[in-house]
Structures are given as structure tokens and as C-alpha cells.
Amino acid sequence: DHTNADTLRTPIVAVLGHVDHGKTSLLDKIRGSAVSEGEAGAITQHIGATDIPLDTISGMAGELIDPTDFDLPGLLFIDTPGHHSFSTLRARGGALADIAVLVVDVNDGFQPQTEEAIDILRRTGTPFVVAANKVDTTPGWNPQEGQPIQKSLEAQSERAESMLNENLYEIIGQLSDAGFSADLYWRVQDFQKNIGVVPLSAITGEGVPDLLTVLMGLSQRFMKEEMAIDVFGAGEGTVLEVKDERGFGATIDTVVYDGVVRNGDRIVVGGQEDPIVTEIRALLQPRPLEEIRTEKQFEKVGEVGAAAGVKIAAPDLDRAMAGAPVRVVRDRPVEEVVEEVKAELAEIEVDTAEDGVVVKADTLGSLEAMANALREAEVPILRAEVGDIAPRDIAVAETANQDEHKAILGFNVDLLANAETELENADVKLFTDDVIYQLIEEYETYVEEKQR
Ligand code: GTP
Ligand code: MG
């Protein structure tokens with residue numbers, strides 16, 4: 001459906017936040033209201049992503065949006081489940097997401113994964129807005145289904161409004177402690193200097209029109225140039241997840257952020273060892289309007305253009321790495337593309353030392369984040385790799401010189417069954433967590449106790 005080569009692609013919006021703060025519910029609400037607006041057909045579900053076209057957004061945002069102000073095609077939302085590290089969302093050394101929504105439960109405020117999300121947003125310089133979610137749980141709340149937040153606030157008692165405000169200012173204070181000047185979004189003049197906070201409810205939908213309006217405005221104002229792509233160019237993307245799929249073997253859930261990927265294309269994918277060169281056997285999308293992450297039945301498509309999420313089936317993908325680059329070869333020598341992928345992987349290679357701890361993480365991005373955090377904590381790394389904890393990791397950890405370094409720090413990974421007895425018999429301490437700084441704290445406490 002692309003007619004000219006140089007066109008604006010859909011901005012990629014990552015939805016981040018602490019476990020249970022309402023990321024998935026927010027996306028469900030956006031999808032659901034589009035369905036009730038009679039726009040169901042307009043929403044395309046992708047692997048790992050949901051594409052909401054501008055018309056649908058403007059339908060939902062009502063009076064808040066004038067669609068003629070925009071020429072971006074819509075927004076592509078990526079959900080990041082709390083247990084999964086969104087630091088996977090990297091591309092070309094930067095952030096895969098053009099923009100982010102940080103979901104914070106108004107009652108809970110900042111939590112460990114909120115802090116971690118903020119760290120990554122800061123490091124990658126990703127513009128973001130805060131969705132202060134669950135406003136409907138304020139005592140005495142009078143729900144206003146799907147209304148803009150100002151309308152909803154008008155319907156609240158003074159007491160409810162002031163209770164909500166107290167929570168909102170708490171969050172604004174926490175943002176400020178994290179080094180971001182923030183305010184309620186309608187008071188923000190310059191979204192590049194200040195973070196807008198949008199009070200909303202993913203259940204009643206109030207405030208959701210405001211969020212969509214702010215996101216569209218931000219993308220249009222600040223990201224338009226970056227959205228201009230050659231839609232016929234060789235596709236580029238990032239692996240979100242490597243998954244075994246019955247009938248297809250190992251597949252990669254990929255977000256395509258540039259160009260086009262076609263069935264039969266030769267691709268180069270970042271792997272555990274050398275880059276994998278393979279040929280696409282199938283491009284798969286979930287069947288329309290089915291929940292993506294649980295969806296089992298796929299539809300084969302001929303091609304996908306950026307921005308999009310897609311499942312790629314091809315031989316030899318079992319050694320592919322989450323967070324690694326995917327490049328279509330097309331008209332270039334394959335060696336050139338392999339070198340490009342190698343160069344990108346080399347950028348994330350972690351500095352290792354003669355002595356140190358062993359680090360394992362679920363994705364390249366989280367490995368990078370772990371390495372950064374460990375450097376700051378002045379903990380040296382002997383070896384760092386993506387993947388679950390295997391017997392040989394224990395063997396490597398045992399070779400550390402100092403006792404305190406005979407340790408494995410696992411982020412978002414499991415101990416493989418065949419490594420359990422090894423660990424029992426080895427003089428190696430294992431730490432696992434799904435919050436980076438907690439993991440490092442646990443290790444530091446252990447070292448302190450050891451030294452005492
Ligand atoms: P993970 O994917 O596990 O990280 O969680 P999540 O952030 O996707 O949270 P999810 O959307 O699954 O919501 C967690 C719980 O909070 C669910 O029981 C939701 O129904 C509830 N919830 C989410 N948003 C709201 C809201 O705005 N109001 C109320 N009352 N409940 C909400
Ligand atoms: Mg979720």
C-alpha cells in the first residue's frame with residue numbers, strides 16, 4: 001500500500017513500567033475503544049505490537065485532535081511485559097522505540113522497574129510521557145467512560161480530586177528526584193524540556209484521549225524527520241524474542257524499523273556466536289484482532305514494511321539473540337551485511353577483566369544494561385553472555401581468582417536443569433533477579449558480609 005519510496009513511517013511507541021501497573025490493560029483499552037468506535041478493521045495486530053492508524057486515534061481523541069495537523073500514519077505500540085526486559089528494545093546502538101509511555105500506578109508511584117525504565121530512557125535519550133494510571137481507584141471516584149481527563153475531573157468531588165492530586169504530585173516529585181522536570185501535561189509548554197504526566201485509567205478509558213493526543217503531538221513535532229524512510233529499502237529490525245513455534249522451529253519475533261522485509265529474503269541475524277545468514281521461509285502475523293502474545297495461529301504474509309512487528313521463520317534461528325540486529329541482504333554482498341551486524345554487536349561487547357564475576361542476561365540490551373551498572377558499581381566482569389545459566393558458566397565462575405568473584409549474576413534468566421547439580425557441587429554463588437539494581441545490591445551485600 002506504499003506508493004512513493006520516501007514516506008513517513010509509523011513512530012514506534014514502547015509501553016514500559018513496573019509489573020501490574022497496567023501496560024497491557026492500557027493497550028487493550030486503546031484496541032477495545034477502537035473496536036467500539038467501529039474501527040476494528042483499522043487496527044492491525046502485529047507480532048509484539050499493535051498498529052493504530054491516525055484516523056482511529058483521532059476518532060478516539062475526539063475534540064482533542066485535529067487529524068489535519070498530522071501527516072504521520074499513526075502509532076505502533078510495543079507492550080513490554082514486566083518480567084521481560086524492555087532493554088531489548090535497542091536498534092543501531094540507540095533505542096528502538098522513538099518514544100515511550102511510562103505507566104505508573106498512581107497509588108504505588110515509582111517502583112523498582114519504574115526506576116529501571118527511567119534509567120534506560122535517560123541513557124538512550126528516548127522522549128517519554130508518564131501515564132499516571134488507575135485514577136479510577138481513587139476513593140469516591142465518579143467514572144467518566146472514555147472522557148478526556150479535564151471532563152472527568154469536572155465530575156469529581158473536591159475530596160476525590162485532591163486525593164488524586166496528592167498522588168500525582170508524589171509522582172511528579174519522584175520524577176524530579178530522578179532528574180526530570182515534570183508537570184501535568186496540560187501545564188507543559190515544551191515537551192522537550194519537561195515530562196508530561198497524563199492522569200488516566202486503563203479500565204474506564206478516561207484520560208486515554210489525552211495520552212493519544214500527547215503522543216501524536218510529540219511524534220509529529222519532534223520525530224518527523226526521523227520517520228522519513230525508503231519504504232522499498234532493505235529491511236532492518238531488532239529481535240524481540242526467539243521462540244520455538246510448532247511447525248516452524250525456532251522463529252524470531254522482530255520489530256522492523258526501516259525498509260521492507262519480504263518472504264524469501266536472505267537475512268543476517270545477530271547470533272550467539274557468528275552472525276546467522278539464512279533465508280526467510282515464512283513471515284507470520286497473528287490472525288486479525290486476536291491477542292498477540294498468546295496467539296498460536298498465524299497468517300502468512302508476503303512482506304512487511306516499517307514500522308511493524310512480525311514473526312520470521314527461517315532455518316538456523318535457534319542461535320539468534322534477543323536484542324540482536326536483523327538485516328535484509330537484498331542487493332548487497334552478504335559479507336558486507338555480515339560485517340555490519342558484527343560491528344553492531346561489537347558495540348555492545350562488554351569489557352571483561354582477568355578476574356571478575358560471570359554475568360548472564362536474557363537479551364543483548366539487558367546484558368549491556370547489566371554491564372553498565374556493574375561498571376558503575378566497580379564490579380569487574382570475567383565473562384558476560386546472553387542465555388540461561390549452563391554448566392559451563394559454573395565452570396567459568398569457579399576459575400575466578402578472588403573468592404568474592406566466584407559468582408554468577410543472572411538477570412531474567414533461569415538455571416538450566418542440567419546445571420543444578422553442578423552448582424550444588426561447586427564453590428560458586430548464584431544471584432538471580434529481574435531488577436538490575438536489586439541484583440547488584442544482593443551481590444554487594446554478599447561481598448560485604450564475606451569481608452566482615
Ligand atoms: P505485566 O505485564 O505483568 O508487567 O503487567 P501490566 O503492566 O501489563 O499490568 P496489567 O495491564 O496486566 O494490569 C494489572 C492489573 O491491574 C489487572 O488486574 C488490571 O485489571 C488492573 N488495572 C490496570 N489498569 C487499571 C486501571 O486503570 N484501573 C483499575 N482499577 N485497574 C487497573
Ligand atoms: Mg502486561
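Atoms within each ligand, like the ligands themselves, are counted from 1 in listed order.
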Side-chain donor-acceptor pair present, [X], [Y], cut-off under 3.5 Å:
{"X": "Ser152", "Y": "Glu206", "value": "yes"}
{"X": "Thr251", "Y": "Lys311", "value": "yes"}
{"X": "Thr352", "Y": "Arg383", "value": "no"}
{"X": "Asn194", "Y": "Ser181", "value": "yes"}

Below the 3.5 angstrom mark, is there an N/O of [X], backbone or side chain, next to an N/O of ligand 1?
{"X": "Asp79", "answer": "no"}
{"X": "Leu26", "answer": "no"}
{"X": "Lys134", "answer": "yes"}
{"X": "Ala202", "answer": "yes"}

Show your working on ring pair (Phe, Tyr, Trp, His ring centres under 6.0 Å) between Tyr446 and Phe431 and close with a plain yes or no. CA-CA 10 Å; Tyr446 161 77; Phe431 302 86; 5.2 Å; yes
Pick one of side chain, backbone, both or neither for how [X] approaches ligand 1, counting any non-hydrogen atom pair under 4.0 Å.
{"X": "Asp136", "result": "side chain"}
{"X": "His21", "result": "backbone"}
{"X": "Thr137", "result": "side chain"}

Those atoms of ligand 1 less than 4.0 Å from some heavy atom in [X]:
{"X": "Ser201", "value": "26 (C), 27 (O), 28 (N)"}
{"X": "Asp20", "value": "1 (P), 3 (O), 4 (O), 5 (O), 6 (P), 7 (O), 9 (O), 14 (C), 16 (O)"}
{"X": "Ser25", "value": "10 (P), 11 (O), 13 (O), 19 (C), 23 (C), 24 (N)"}

Backbone or side-chain N/O/S of Thr24 under 2.8 Å of the Mg ion (ligand 2):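 Looking at Thr24, which is the residue asked about, there is an N, O or S atom under 2.8 Å from the Mg ion (ligand 2).
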Which is closest to atom 8 (O) of ligand 1 in terms of heavy atoms, Val208, Ile203, Thr24? Thr24
The test is side-chain hydrogen bond (donor to acceptor under 3.5 Å, both in side chains); show your working for Asp136 and Thr204 and say whether it passes. CA-CA 7 Å; Asp136 62 294; Thr204 67; 5.1 Å; no
Taking the six-membered ring of Phe298 as reference, does the NZ or CZ atom of Lys300 fall below 6.0 Å from its centre and within a 45° cone about the axis? no
Does the separation of the ring centres of Phe180 and Phe128 fall below 6.0 angstrom?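 Yes, the ring centres sit under 6.0 Å apart.
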